[in-house]
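Here the structure is laid out as structure tokens; the discussion comes afterwards.
Heads up: numbering here begins at 1 and tracks the sequence. Here the structure is a predicted model, which is why all the values come from computation and not from measurement. Just so it is clear, the values below take in all heavy atoms, side chains as well, and ignore hydrogens, waters and symmetry mates.
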Amino acid sequence: MPAYDYRCRVCDASFEVRRSITESTPTDGVSCPSGHAETSRVFSAVAVSRGTAAPAMAAPVGGGGACCGGGCCS
């Protein structure tokens, strides 16, 4: 379910409005939790990474998982 961030121009409160994917994007008529109608939609930056691999998992110490199964390899 998409979430839209808003900020009230009267009391400076930030809040989130969730809408179903089938509903239209709210553009007006969104009131803040305190009831003020003067709100504006806030666009949030989304972090996207590219070309980085997930961190490697450490091999368990002793009892399997290493190349010889005993954890003796470094």
Side-chain angles (χ1 to χ4, degrees):
M1 183 175 296
Y4 302 94
D5 295 324
Y6 285 85
R7 175 162 290 155
C8 179
R9 294 180 183 163
V10 176
C11 65
D12 203 36
S14 295
F15 60 99
E16 187 176 85
V17 175
R18 293 183 178 265
R19 298 278 191 234
S20 169
I21 197 78
T22 58
E23 291 182 67
S24 62
T25 303
T27 55
D28 57 86
V30 176
S31 297
C32 82
S34 298
H36 303 121
E38 296 180 38
T39 59
S40 60
R41 188 165 168 198
V42 178
F43 292 95
S44 302
V46 178
V48 177
S49 63
R50 184 178 147 197
T52 58
M57 304 234 341
V61 177
C67 60
C68 62
C72 59
C73 302
S74 304

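- Side-chain atoms of Arg7 and Ser40 include no donor-acceptor pair closer than 3.5 Å.
- His36 NE2 to Ser31 OG: the interatomic distance, rounded to the nearest 0.5 Å, is 9.5 Å.
- Between Cys11 and Cys32 the shortest side-chain heavy-atom distance falls below 4.5 Å.
- Nearest approach of Tyr6 to Val42, heavy atoms of both residues: C-CG2, 4.0 Å.
- The environment of CD in Glu16 is crowded: more than 12 heavy-atom neighbours from other residues, nucleotides or ligands sit within 6.0 Å.
- Looking at heavy atoms from C-beta onward, Val30 lies out of side-chain contact with Tyr4 at the 4.5 angstrom threshold.
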